[in-house]
Amino acid sequence: MNVRHFLDITDLSAREINNVMNLSIAEISRLGQPLAGKGVAMIFEKPSNRTRQSMEMAVVQLGGHPIFTRGEEVGFDERETVEDVTRIMAGYHHVIAARVFNHSVLQRMSAVSSVPIVNLLSDHSHPLQALADVLTMRQELGHLAQKSVAWVGDYNNVARSLVEACALEGMHIRLGCPKGYGASDDELNRIASLGAASVAQHSSAKIAVTGAHAVHTDAFVSMGQEAQTAKRMIDFADFRVDASVMECAEKSAIFMHCLPAHRGVEVTAEVIDGSQSRVVTQAHNRMHAARGLLAYLMGVTL
Ligand code: CP
Ligand code: NVA
């Protein structure tokens with residue numbers, strides 16, 4: 001089926017991301033009401049604050065009606081198959097969005113869906129978050145090509161999508177990850193091939209952030225990894241973003257975190273609540289980016 005899905009940032013080209021960014025910052029009245037009388041299904045297998053709230057409001061702003069469903073209500077592959085859920089919902093809705101444990105569920109949905117499937121976070125990626133992150137960095141740093149972005153901590157779902165988006169923006173990418181939690185050599189080469197100005201990985205947070213214009217981190221324990229908490233607390237002990245880490249970045253560097261945050265674990269309160277932090281703007285931009293993405297998928301052009 002010739003339907004555009006958004007499972008990963010790389011489902012869009014650099015030019016298309018630029019279009020989505022322009023739609024995200026446009027006055028809502030300029031977008032029309034492309035979802036008027038239309039539904040957007042939102043299935044969540046995991047908890048959410050930002051993703052649910054921002055997507056629901058973005059749908060409303062475009063004239064549509066969001067329907068939130070908990071994962072256990074549809075019971076993927078327990079109550080009925082992923083394919084049956086998708087085919088049925090595609091008859092009611094113009095977009096189906098889902099937050100899932102296994103990325104393969106989204107791939108199976110997109111294989112049978114006659115409407116766009118949107119990833120609301122999987123174990124593999126979090127592309128809607130990355131759109132908001134790029135929007136925030138563009139607003140804060142201006143043109144992103146040749147600017148330097150650092151990721152400190154786990155090379156996880158959020159990191160993968162962020163780094164893909166930053167590569168498409170032509171940024172220098174610097175990863176600071178504990179051994180065993182970083183990107184593989186193949187992954188580093190893949191990111192470089194997307195258009196990054198450069199890609200480097202270090203096993204020191206301070207080296208990774210040196211010269212960075214934006215410093216990102218995320219929880220050390222993602223949803224679904226709770227059993228690994230004790231080990232991860234030890235393995236990530238040297239990767240907390242504190243004032244001494246931020247001092248290695250550019251003086252004007254901003255701090256970003258997708259949230260929810262764990263103060264005193266991956267970031268100190270001094271940093272996340274300090275003057276360099278942009279986490280609230282970043283979270284608010286989730287709604288604008290979601291609106292831009294939905295408008296793009298509905299064929300809105302400016
Ligand atoms: N950043 C993010 O996706 O937050 P939620 O888990 O609250 O949606
Ligand atoms: N990496 C985190 C992001 C939460 C928004 C997780 O997957 O739990």
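Predicted, not measured: the structure shown is a model, and the values here were computed from it. Order of appearance sets the numbers: ligands from 1, and atoms from 1 within every ligand.
- In terms of protein heavy-atom proximity, atom 3 (C) of ligand 2 is closest to D218 OD2, 3.6 Å.
- Shown in contact with N156 at under 4.0 Å from a heavy atom are these atoms of ligand 2, numbered in order with element: 1 (N).
- Donor-acceptor pairing under 3.5 Å is recorded for the side chains of N18 and R138.
- Nearest to atom 8 (O) of ligand 2 among the protein's heavy atoms is M223 N, 2.7 Å.
- The shortest N or O to N or O distance between N157 and ligand 2 is below 3.5 Å.
- Between S222 and ligand 2, at least one pair of N/O atoms sits closer than 3.5 Å.
- The closest approach between L121 and ligand 1 stays at or above 4.0 Å for every heavy atom of the residue.
- Checked by distance only, ligand 2 and L121 stay at 3.5 Å or farther apart across all their nitrogen or oxygen atoms.
- Distances from ligand 1 to the non-hydrogen atoms of K46 include no value under 4.0 Å.
- Residue L259 places a heavy atom less than 4.0 Å from ligand 2.
- Looking only at distances, a side-chain donor or acceptor of S24 sits under 3.5 Å from a matching main-chain atom of H288.
- Ring pair F220/F236 is parallel by interplanar angle, where below 30° counts as parallel and above 60° as perpendicular.
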